[in-house]
Chemist: 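This is the structure I want to talk about, given as structure tokens.
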Amino acid sequence: MSQQDKVRPGKVQLTRDDFTSKSEPRWCPGCGDYAILAQMKKILPDMGIPRENIIFVSGIGCSSRFPYYMNTYGVHSIHGRAPTIATGIKLANPDLKVFVITGDGDGLSIGGNHFIHLCRRNVDITVILFNNRIYGLTKGQYSPTSLKGQITKSSPYGSLENPFNPILMALASGATFVARTIDRNPKHMIEVFKRAAMHKGTAFVEVYQNCVIFNDGAFADLTKPDTKSERALYMEQGKPYVFGNNRDKSLRWSSNHFEVVPYDENNPDKELMVHDEHSLNPTLEFGLASLSDDPNFPTPLGIFRDVAVDTYEGLLLKQIEFVKQKKGEGDLEKLFHSGNTFYIENK
Amino acid sequence: MSQQDKVRPGKVQLTRDDFTSKSEPRWCPGCGDYAILAQMKKILPDMGIPRENIIFVSGIGCSSRFPYYMNTYGVHSIHGRAPTIATGIKLANPDLKVFVITGDGDGLSIGGNHFIHLCRRNVDITVILFNNRIYGLTKGQYSPTSLKGQITKSSPYGSLENPFNPILMALASGATFVARTIDRNPKHMIEVFKRAAMHKGTAFVEVYQNCVIFNDGAFADLTKPDTKSERALYMEQGKPYVFGNNRDKSLRWSSNHFEVVPYDENNPDKELMVHDEHSLNPTLEFGLASLSDDPNFPTPLGIFRDVAVDTYEGLLLKQIEFVKQKKGEGDLEKLFHSGNTFYIENK
Amino acid sequence: MEKKESKTLERVTIRFAGDSGDGMQLTGMRFTNTTALEGHELVTLPDYPAEIRAPAGTLFGVSGFQIQISSSEIHTPGDQPDVLVAMNPAALKVNLKLVSDNGILIINSDAFQGRNLALAGYETNPLEDDSLKRYQVFAVPITTLTRRALEGVKLSVKEKDRSKNFFALGMTFWLFTHPLEPTIEWIKEKFKNRPELVEANIKALNAGYNYALSTELFSTTYRVDKAKKAPGKYRNVTGNEALSIGFITAAKKAHKELFLGSYPITPASEILHELSKYRNYDVKTFQAEDEIAGIGAAIGASYAGALGITTTSGPGVALKSEFLGFAVMAELPLVVTNVQRGGPSTGLPTKTEQADLLQALYGRNGEAPMPIIAAKSPADCFSAALEASKIALMFSTPVFLLTDGYIANGSEPWLIPDVDSIPEIEVHYATDPDTFMPYKRDPKTLARMIALPGTPGFEHHIGGLEKDDTGDVAYDPDNHDRMVRLRAEKIERINQYVDQPEINGDPEGELLLISWGSTYGTVFTAIEEIRKRGKKVSWYHLRWIYPFPLSLEKYIHNFKNVLVPEINLGQLVKVIRDRYLVDAKGFNRVRGLPLNTHELVEAIENILQK
Amino acid sequence: MEKKESKTLERVTIRFAGDSGDGMQLTGMRFTNTTALEGHELVTLPDYPAEIRAPAGTLFGVSGFQIQISSSEIHTPGDQPDVLVAMNPAALKVNLKLVSDNGILIINSDAFQGRNLALAGYETNPLEDDSLKRYQVFAVPITTLTRRALEGVKLSVKEKDRSKNFFALGMTFWLFTHPLEPTIEWIKEKFKNRPELVEANIKALNAGYNYALSTELFSTTYRVDKAKKAPGKYRNVTGNEALSIGFITAAKKAHKELFLGSYPITPASEILHELSKYRNYDVKTFQAEDEIAGIGAAIGASYAGALGITTTSGPGVALKSEFLGFAVMAELPLVVTNVQRGGPSTGLPTKTEQADLLQALYGRNGEAPMPIIAAKSPADCFSAALEASKIALMFSTPVFLLTDGYIANGSEPWLIPDVDSIPEIEVHYATDPDTFMPYKRDPKTLARMIALPGTPGFEHHIGGLEKDDTGDVAYDPDNHDRMVRLRAEKIERINQYVDQPEINGDPEGELLLISWGSTYGTVFTAIEEIRKRGKKVSWYHLRWIYPFPLSLEKYIHNFKNVLVPEINLGQLVKVIRDRYLVDAKGFNRVRGLPLNTHELVEAIENILQK
Ligand SMILES: Cc1ncc(C[n+]2csc(CCOP(=O)(O)OP(=O)(O)O)c2C)c(N)n1
Ligand SMILES: Cc1ncc(C[n+]2csc(CCOP(=O)(O)OP(=O)(O)O)c2C)c(N)n1
Ligand code: SF4
Ligand code: SF4
Ligand SMILES: [Mg+2]
Ligand SMILES: [Mg+2]
């Protein structure tokens with residue numbers, strides 16, 4: 001008898017503590033990872049998913065220790081490969097709610113290929129990428145999201161590389177849910193996490209995360225009281241892109257680029273573009289995401305894209321059903337005796 | 001004395017035949033690869049690059065046999081890894097003209113990560129990707145560019161996967177030259193190859209290539225006389241996007257998507273958008289490329305993007321110069337005697 | 001004209017050879033099929049080039065298919081063809097040196113001219129000089145005769161020429177008194193949507209047969225008697241097919257879904273192709289972006305409750321090796337099939353070799369023991385897959401299954417087993433959440449406790465860092481030493497649950513042969529030959545290479561000589577020398593081909609004569 | 001109060017231990033530095049957790065640094081600390097079991113309270129119960145005293161507390177009669193942009209020293225005499241530093257640029273960090289997207305004319321294995337450094353192990369022989385890197401260089417060689433385009449001909465498919481067999497160009513020890529001890545493991561017992577048994593730590609007493 005047959009205990013409302021494992025987090029004091037862990041624990045009780053059906057899969061990195069701290073099933077796998085394991089898990093048991101936890105090195109350097117193929121296939125998996133723009137666990141080398149010129153242990157004279165923008169990669173490879181949030185804004189993170197976790201298909205969330213030890217303050221502009229309103233743009237569905245200290249600026253698409261235009265809350269320009277997460281073609285979202293880190297524009301945060309597309313495992317199950325209907329349920333007897341068979345008789 | 005010191009023979013005008021190696025091509029009769037080989041041999045004599053400074057690096061696949069057929073230096077490496085070898089070659093000797101030859105499987109399946117990182121770094125390498133939407137050499141499995149539903153050896157009931165659009169991947173990862181051409185249009189291919197080869201930085205060319213054995217006719221619509229004018233859109237710098245049997249259609253960007261509009265050659269709409277390869281932000285190019293394979297739009301061919309950005313090896317050489325100026329030319333004596341030194345005296 | 005007679009042979013070897021585009025693999029398969037239906041013993045060896053369709057007429061574009069048929073037990077496709085069908089000069093050039101003295105050459109004389117001769121490197125036409133006088137040459141204008149036979153069929157000349165392999169097949173059917181019907185049926189089914197091809201191919205087949213009959217081309221026809229093998233229903237299978245059936249069977253017998261994570265690579269791709277047909281058997285195949293993702297997905301599926309497997313060849317194993325270490329550490333069931341091919345690196349991708357054994361044993365960082373089982377023949381791939389899966393599930397461990405290009409593509413009759421006679425595979429799950437610890441072990445097998453995601457109360461973590469019994473990460477030095485030894489000890493215990501090979505022959509004597517994997521057939525035949533000559537030799541063939549079987553211990557010191565034949569530079573022989581400190585010697589050929597029986601017989605004779 | 005005295009010791013071992021945030025590595029390094037400047041022999045062992053900065057007070061967050069100092073030759077950081085500095089309860093808990101009987105414990109008593117005790121798993125305060133009575137305990141309120149010393153300095157309390165390691169360091173300097181000046185100079189330089197930190201740290205250092213002096217805390221101070229080692233200029237180097245210098249030297253001596261393609265991984269990352277500083281030495285470092293790209297770029301650079309190297313640790317080697325096979329096939333020079341760590345899988349990433357030897361030997365598909373050299377100590381990494389590079393270039397082959405976490409992070413004095421005394425490395429290029437064939441070989445070394453891209457007239461192709469001498473792809477069976485054997489033979493010939501190890505001790509006798517790599521130090525010390533006891537034992541330490549040295553042949557059969565100590569489950573011992581058919585036994589501990597000298601001495605005694 002398999003375990004699966006065991007009687008399920010009566011459904012009870014879970015709390016944040018139900019998701020806290022016995023292992024104490026081993027991150028540096030002050031690390032942004034703590035905030036992400038806390039928000040994840042907050043959203044899970046209300047998702048209506050039995051705890052035993054939740055699984056966190058990670059690679060290697062400071063961030064990838066995450067599964068140990070969740071009182072759910074978990075796999076702390078090898079560097080960059082979490083999406084592959086997660087895919088196998090989801091295809092084998094589509095009832096499970098599968099999260100991938102990764103870092104900018106884990107997910108975009110060594111694991112970049114698995115990441116884009118996961119997005120392309122649209123397997124129903126929620127990917128949370130902790131982007132601290134540094135390799136934390138290996139003590140401070142530049143990562144594929146480090147800024148050009150950044151001085152690190154492996155670039156004592158400055159990095160020569162152009163950074164990836166993870167949002168662009170996700171959009172180009174076809175992820176059906178794409179979002180960005182930041183460790184210092186727990187409320188926003190909760191909203192984004194909830195939406196991502198509920199999405200059917202590959203959901204990608206980039207979390208800007210502060211590494212206090214090796215890259216402190218990398219995203220400070222987006223949260224410091226004096227700069228955040230100018231530097232961070234929170235996108236809202238159906239609303240214009242408003243930002244600025246006095247909410248007095250907005251964005252407009254002008255022939256082939258975005259430009260900043262004045263905005264008057266009380267008298268909004270009716271022609272002003274508004275945000276549409278559900279647009280099937282993500283061209284404008286691509287343009288928006290390209291503004292990140294551009295000193296002339298604010299960095300967008302929030303949900304870039306959320307569209308409904310068949311999931312890979314959904315199609316697989318459908319195909320199985322289809323073949324069963326066409327050929328009948330598989331049967332070993334039939335299998336053995338098909339092909340080129342012949343008899344040798346007793347003489 | 002190193003080889004490099006050998007006297008160079010007087011410069012002579014090379015011909016196509018100078019680039020033909022002794023090995024006879026081993027592709028199937030009718031394979032699109034032959035046309036690509038022929039055009040490459042045509043452009044090289046006029047590039048002004050000594051033959052010994054040219055090197056072709058490939059992975060594994062039918063397409064990856066290419067280097068054997070060029071009478072230049074060549075590396076037929078392992079599956080998916082050509083960009084890594086090419087990067088090492090270029091960084092070690094920036095005087096060489098380095099080509100990468102790859103396939104849709106080689107470059108986007110197993111080699112997808114190296115491909116996007118190469119684009120990101122902008123190493124001065126010309127990448128030619130033979131896209132036949134199939135694994136040729138291993139006899140016909142679907143590839144990451146195969147269409148959803150395609151029946152192949154490994155998808156007898158139809159593939160469940162959404163294809164990559166290689167142009168989108170190149171744009172998202174920052175390639176500074178991005179183009180597409182097709183095996184059956186040698187003239188166009190020559191133009192594109194020339195421009196790609198002359199570009200400083202990572203140049204990416206997708207070549208639609210017909211595999212007569214396992215995926216015959218995959219791009220036939222784009223070259224058949226009765227369909228090509230409607231289905232193929234040849235982009236031209238500074239010109240509107242004109243197509244149609246009577247050159248009577250064009251494209252327009254309308255708030256968040258492209259739409260097809262009528263076009264009158266004699267009386268062109270002055271407001272009509274024109275193609276700009278040099279636009280720094282590739283948002284509209286992303287949108288254009290997304291139209292590929294959409295039954296409501298033509299598939300764009302030509303140069304999507306061509307912008308000038310510092311190359312990786314250029315920055316590296318600059319950094320070396322900078323450090324030499326700051327610290328002086330490296331000297332073993334100095335190296336040995338730096339750090340924590342102390343004397344032990346004779347007693 | 002000589003008088004026609006019919007000879008009965010015990011065994012005969014036929015080789016079809018032509019351009020890659022000439023359809024030689026198909027011709028060989030049709031010949032094989034009829035032979036199987038006739039009830040003969042048979043072993044086949046396809047031998048095709050790495051190119052899909054190399055330019056016509058070149059030496060490297062030659063594609064071959066060899067089959068040995070016999071009325072008694074055989075295990076090799078034969079060393080030397082007795083009959084060679086050569087569709088062009090290149091095919092003759094490449095294969096002639098293999099043909100036995102006085103062998104039959106059936107040659108398409110139409111192809112022996114001009115550029116074709118030059119491409120094959122012939123300066124004069126071998127049909128016109130003396131070079132073939134050691135053989136019985138039958139030069140037939142096959143192209144011309146085929147075209148003539150197809151007059152009136154609505155096909156272009158180019159298309160008609162594609163039928164010429166059926167003409168050649170017809171001739172060989174007559175030569176071996178084989179019936180045409182099974183092939184005619186097959187043609188009708190295969191080309192049912194192209195009636196003109198049905199017509200053309202049947203006409204060509206008949207024409208070839210009739211040509212041989214009516215021209216009395218051959219002075220002799222040959223018969224091979226029905227084989228005297230165990231009565232029952234047989235199915236002709238290639239190794240890759242048998243393997244696929246074995247895995248499906250294992251999953252069903254373990255009440256699990258089968259999950260294959262794989263990336264295409266020669267010569268393993270057919271397993272992916274084959275398994276992807278069986279969606280109605282709850283077989284989930286996943287073509288991954290690379291070998292790493294293939295094994296990663298299989299590991300994930302295995303953790304989630306499926307029978308997770310991955311299939312590849314040498315270079316793919318190299319890529320999987322980091323994940324293999326992870327599977328060892330996480331102690332998850334997994335079967336990794338390596339269909340070995342010529343190496344190193346890309347090597348000779350379409351050729352066979354046994355040179356990945358040490359990679360299977362040691363190709364991972366750290367102390368990462370993995371059991372290794374090897375299949376010995378195409379049909380044996382079925383049981384090897386079944387047994388590998390059973391051990392993987394029972395011991396919660398990744399298992400290596402080694403086959404090679406030769407048995408993967410080669411075929412032989414498989415005695416279809418009774419489905420019910422195959423025992424169920426029991427999988428033990430943890431049952432008590434209160435005492436559950438993921439690294440608590442079954443005291444007998446040392447397998448760790450298994451709990452599937454989705455089961456309430458068993459939430460836990462696995463990972464690649466060293467763990468203590470509770471599953472917590474543990475840096476304690478003594479715990480590490482203990483775990484390293486436990487993982488090794490677990491694999492040793494497999495010996496208590498698998499059959500120990502029996503020695504074949506006397507338990508002591510002059511010479512002991514030790515072999516593994518696909519050399520089984522060659523060694524079998526060589527030993528048969530030696531014994532026919534009245535000499536003694538003993539033989540021990542390994543099924544599990546790790547854990548190393550215990551039964552060898554009893555005998556190995558009783559022999560003056562120990563010889564280990566392998567298609568590598570000597571790999572198993574190292575293990576044997578290390579373990580038993582006996583001066584075992586290797587018999588090694590690394591030619592991308594199965595070992596040659598005659599060479600092995602000679603090597604054995606040399607030892608026995610000393 | 002006891003009378004204060006000063007003892008002279010031959011050797012002593014000190015261990016600093018505290019929270020990851022307590023700066024113990026820095027403290028250890030400063031102590032090391034002063035010790036080196038004082039002219040002592042020393043060997044160090046940093047021992048830090050995998051976490052960057054684990055939560056304060058936990059057991060897994062403890063960071064340690066051990067140093068043995070001596071006036072005579074030593075090769076280990078010592079088995080048992082004679083002095084332990086413990087900054088908190090967890091540090092005491094983790095390290096106490098190591099400390100020698102009657103050893104000195106210097107303890108920060110301020111940290112021994114409340115939550116800290118609980119986190120370390122102490123139920124009662126060990127300073128207040130009897131549990132430490134076997135030791136000399138010096139409980140000092142270091143935190144309080146540091147804060148007091150820094151009164152008036154413009155820093156927050158939190159910042160002031162960061163100086164307490166300098167207080168502890170000051171105490172140990174007094175205890176070992178070490179001068180403070182070098183550290184004061186270092187502090188001034190290091191913190192030159194933060195004057196308040198200069199002030200704080202110097203004050204804390206002085207305060208610690210003065211506290212020990214004026215309270216007459218210790219009844220004894222210790223002196224270690226200057227070492228009697230070869231006179232000359234020394235530099236204290238870690239293994240990773242020495243290795244980096246070795247590679248730069250090799251490149252300069254070969255008139256090539258050095259190209260490193262690498263991906264960060266513990267404990268190899270420092271080589272990347274170190275080499276990236278030397279742009280002015282024409283060192284090109286390339287941080288790749290993964291290990292595969294790292295080696296791929298190094299291979300490309302090597303083909304284009306640089307000295308291509310790649311550096312990693314076990315799991316990274318697994319990923320590189322496909323490319324290693326390619327480098328073997330393409331026959332390109334390349335040095336692959338594996339700084340071994342605890343395995344399998346992610347294993348114990350910050351701990352040491354020797355368990356990747358068989359992976360280095362056999363971890364590739366096909367017959368893919370690669371020479372293997374191992375460094376024996378931190379300073380020896382210099383010569384190992386130089387020699388590995390020389391052989392790679394001379395034989396046009398990839399070479400494995402094995403070190404491990406212990407020697408990579410550990411340090412010892414390196415006698416700085418005379419630059420001019422290091423011979424040039426000659427690289428042979430093909431010179432005649434007319435006779436050039438890429439796989440034509442030098443008749444002596446069997447190295448293939450090298451021609452660099454950019455050289456007119458030598459255009460050619462290399463690749464992973466089997467080739468014949470001309471560089472054309474070749475499927476011919478005999479060519480493959482020949483090439484497989486040639487590639488193996490080439491590696492064997494390296495033996496003619498490298499030193500053969502000498503046996504240490506008698507050429508025959510009761511017991512021969514055979515070792516490789518970082519166990520050198522432990523074996524050295526154990527043998528010294530055994531010989532001190534008047535007993536005989538011989539010793540053979542391998543530098544090249546493949547090709548296996550020839551000089552062992554002469555002796556190995558002259559010993560009753562052969563013992564092979566390794567930090568694995570027995571890997572070299574397999575090779576020795578296979579090769580010589582002698583019943584060599586392993587001494588194996590897989591604890592993530594260097595072998596323990598006492599245990600090894602005991603094991604040797606046991607054999608000698610039998
Ligand atoms: C195969 C392999 N290569 C390299 C490493 C070393 N390594 C561990 S984590 C890491 C990078 C981590 O960076 P990131 O993913 O950004 O995570 P962070 O620590 O910043 O959260 C590296 C290089 C490894 N564990 N395995
Ligand atoms: C590591 C490894 N995995 C798999 C293979 C098998 N393989 C060779 S080429 C190829 C795919 C080729 O497809 P593509 O790149 O599209 O090239 P094409 O043949 O279509 O030109 C595969 C899977 C291999 N050679 N090496
Ligand atoms: S090193 Fe950085 S990312 Fe890692 S735990 Fe510390 S603060 Fe967080
Ligand atoms: S299989 Fe396809 S891609 Fe390969 S050579 Fe033949 S036609 Fe070209
Ligand atoms: Mg990071
Ligand atoms: Mg392809």
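Values in this document were obtained by computation on a predicted structure and should not be read as measured data. In what follows, chains carry the letters A, B, and so on, assigned in the order in which the sequence lines appear, proteins first and then strands, with residues in each chain numbered from 1.
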Chemist: Identify which part of His117(B) has an atom lying under 4.5 Å from any heavy atom of chain D, answering side chain, backbone, both or neither.
Modeler: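 Only the side chain of His117(B) comes within 4.5 Å of chain D.
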Chemist: Tell me, side chain or backbone of Asp420(D) under 4.5 Å from chain B's heavy atoms, or both, or neither?
Modeler: neither
Chemist: So, Tyr281(D) side chain and Asp331(B) main chain: donor-acceptor pair closer than 3.5 Å or not?
Modeler: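 Yes.
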Chemist: I'd like to know if the side chain of Asn280(D) reaches the main chain of Gly328(B), judged simply by a donor and an acceptor atom lying under 3.5 Å from each other, with no hydrogens or angles considered.
Modeler: yes
Chemist: Sort Asn236(D) into side chain, backbone, both or neither according to what part of it lies under 4.5 angstrom from a heavy atom of chain B.
Modeler: both
Chemist: Under a 4.5 Å heavy-atom cut-off, does chain B meet the side chain of Ala298(D), its backbone, both or neither?
Modeler: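 The answer is neither part of Ala298(D).
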Chemist: Identify which part of Arg121(B) has an atom lying under 4.5 Å from any heavy atom of chain D, answering side chain, backbone, both or neither.
Modeler: side chain
Chemist: Examine whether an atom of Ile462(D) lies under 4.5 Å from a heavy atom of chain B, and if so say whether it belongs to the side chain, the backbone or both; otherwise answer neither.
Modeler: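 Both backbone and side chain.
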Chemist: Does the side chain to side chain contact (heavy atoms under 4.5 Å, CB included) test come out yes or no for Phe336(B) and Thr249(D), once each step is laid out?
Modeler: CA-CA 9 Å; Phe336(B) 284 15; Thr249(D) 307; 3.3 Å; yes
Chemist: Indicate the atoms forming the closest heavy-atom contact of Leu335(B) with Arg235(D), along with that distance.
Modeler: O-NH1, 2.7 Å
Chemist: For chain D, find which of Gln319(B), His337(B), Gln325(B) contributes the most heavy-atom pairs closer than 4.5 angstrom.
Modeler: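 Most heavy-atom pairs within the cutoff with chain D belong to His337(B).
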Chemist: Under 4.5 Å from any heavy atom of chain B, what part of Lys233(D) do you find: side chain, backbone, both or neither?
Modeler: both
Chemist: Can you tell me how far CD of Glu289(D) sits from CZ of Arg120(B), rounded to the nearest 0.5 angstrom?
Modeler: 7.5 Å
Chemist: Using atom types as modelled and distance alone, determine if a side-chain donor or acceptor of His460(D) lies under 3.5 Å from a backbone N or O of Gly74(B).
Modeler: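 A pair under 3.5 Å: no.
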Chemist: Go through Tyr278(D), Phe382(D), Tyr303(D), Phe259(D) and name the one with the most non-hydrogen pairs under 4.5 angstrom from chain B.
Modeler: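 Going by pairs under 4.5 Å, I would pick Tyr303(D).
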Chemist: What part of Ser23(B) is in contact with chain D, defined as an atom under 4.5 angstrom from a non-hydrogen atom: side chain, backbone, both or neither?
Modeler: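 Contact with chain D: side chain only.
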Chemist: Under 4.5 Å heavy-atom distance to chain B, tell me which part of Ala330(D) shows up: side chain, backbone, both or neither.
Modeler: neither
Chemist: What residue in Arg81(B), Glu329(B), Lys22(B), Met70(B) has the most heavy-atom pairs under 4.5 Å with chain D?
Modeler: Arg81(B)
Chemist: Please classify the contact of Leu317(B) with chain D as side chain, backbone, both or neither, using a heavy-atom distance under 4.5 Å.
Modeler: side chain
Chemist: Counting only heavy atoms closer than 4.5 Å, note whether Tyr312(B) contacts chain D via side chain, backbone, both or neither.
Modeler: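 Looking at Tyr312(B), just its side chain touches chain D.
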Chemist: Is there a donor-acceptor contact under 3.5 Å from the side chain of Lys284(D) to the main chain of Leu91(B)?
Modeler: yes
Chemist: If I measure from the heavy atoms of chain B, does Ile422(D) come under 4.5 Å with its side chain, its backbone, both, or neither?
Modeler: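 Looking at Ile422(D), just its side chain touches chain B.
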Chemist: Can you tell me which of Ile248(D), Thr32(D), Ile299(D) forms the most heavy-atom pairs within a distance under 4.5 Å of chain B?
Modeler: Ile248(D)
Chemist: Any donor and acceptor pair, going by atom type alone, linking the side chain of Tyr73(B) with main-chain N or O of Thr455(D) inside 3.5 Å?
Modeler: yes
Chemist: So for Lys256(D), is it side chain, backbone, both, or neither that comes closer than 4.5 Å to the heavy atoms of chain B?
Modeler: neither
Chemist: Side chain, backbone, both or neither: which part of Lys97(B) has a heavy atom under 4.5 Å from chain D?
Modeler: neither
Chemist: Heavy-atom pairs under 4.5 Å with chain D - which of Val98(B), Leu96(B), Ile60(B), Asp95(B) has more of them than the others?
Modeler: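 Among Val98(B), Leu96(B), Ile60(B), Asp95(B), the one with the most close pairs to chain D is Leu96(B).
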Chemist: Between atom NZ of Lys277(D) and atom NZ of Lys327(B), what is the distance when rounded to the nearest 0.5 Å?
Modeler: 8.5 Å
Chemist: With chain D, which of Ile320(B), Thr87(B), Thr72(B) has the greatest number of heavy-atom pairs at distances under 4.5 Å?
Modeler: Thr72(B)
Chemist: Against chain D, label Asn71(B) side chain, backbone, both or neither, depending on which of its atoms sit under 4.5 Å from a heavy atom there.
Modeler: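 Interface part for Asn71(B): both.
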Chemist: Name the option with the most non-hydrogen atom pairs under 4.5 Å to chain B; the candidates are Pro417(D), Gly464(D), Ala230(D).
Modeler: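 Going by pairs under 4.5 Å, I would pick Pro417(D).
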Chemist: Take atom NZ of Lys334(B) as the centre, draw a 6.0 Å sphere, and report whether it contains more than 12 heavy atoms from other residues, nucleotides or ligands.
Modeler: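 Yes, enclosed.
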Chemist: Considering only heavy atoms, which portion of Glu257(D) lies under 4.5 Å from any heavy atom of chain B: side chain, backbone, both, or neither?
Modeler: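 Side chain of Glu257(D) only, per the 4.5 Å heavy-atom cut-off to chain B.
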Chemist: Can you say whether the rings of Tyr234(D) and Phe342(B) are parallel (under 30°), tilted (30 to 60°) or perpendicular (over 60°)?
Modeler: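 It falls in the parallel class, under 30°.
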Chemist: For Ile55(B), is it the side chain, the backbone, both or neither that has a heavy atom under 4.5 Å from a heavy atom of chain D?
Modeler: side chain
Chemist: Please flag which part of Ser338(B) lies under 4.5 Å from any non-hydrogen atom of chain D: side chain, backbone, both or neither.
Modeler: both
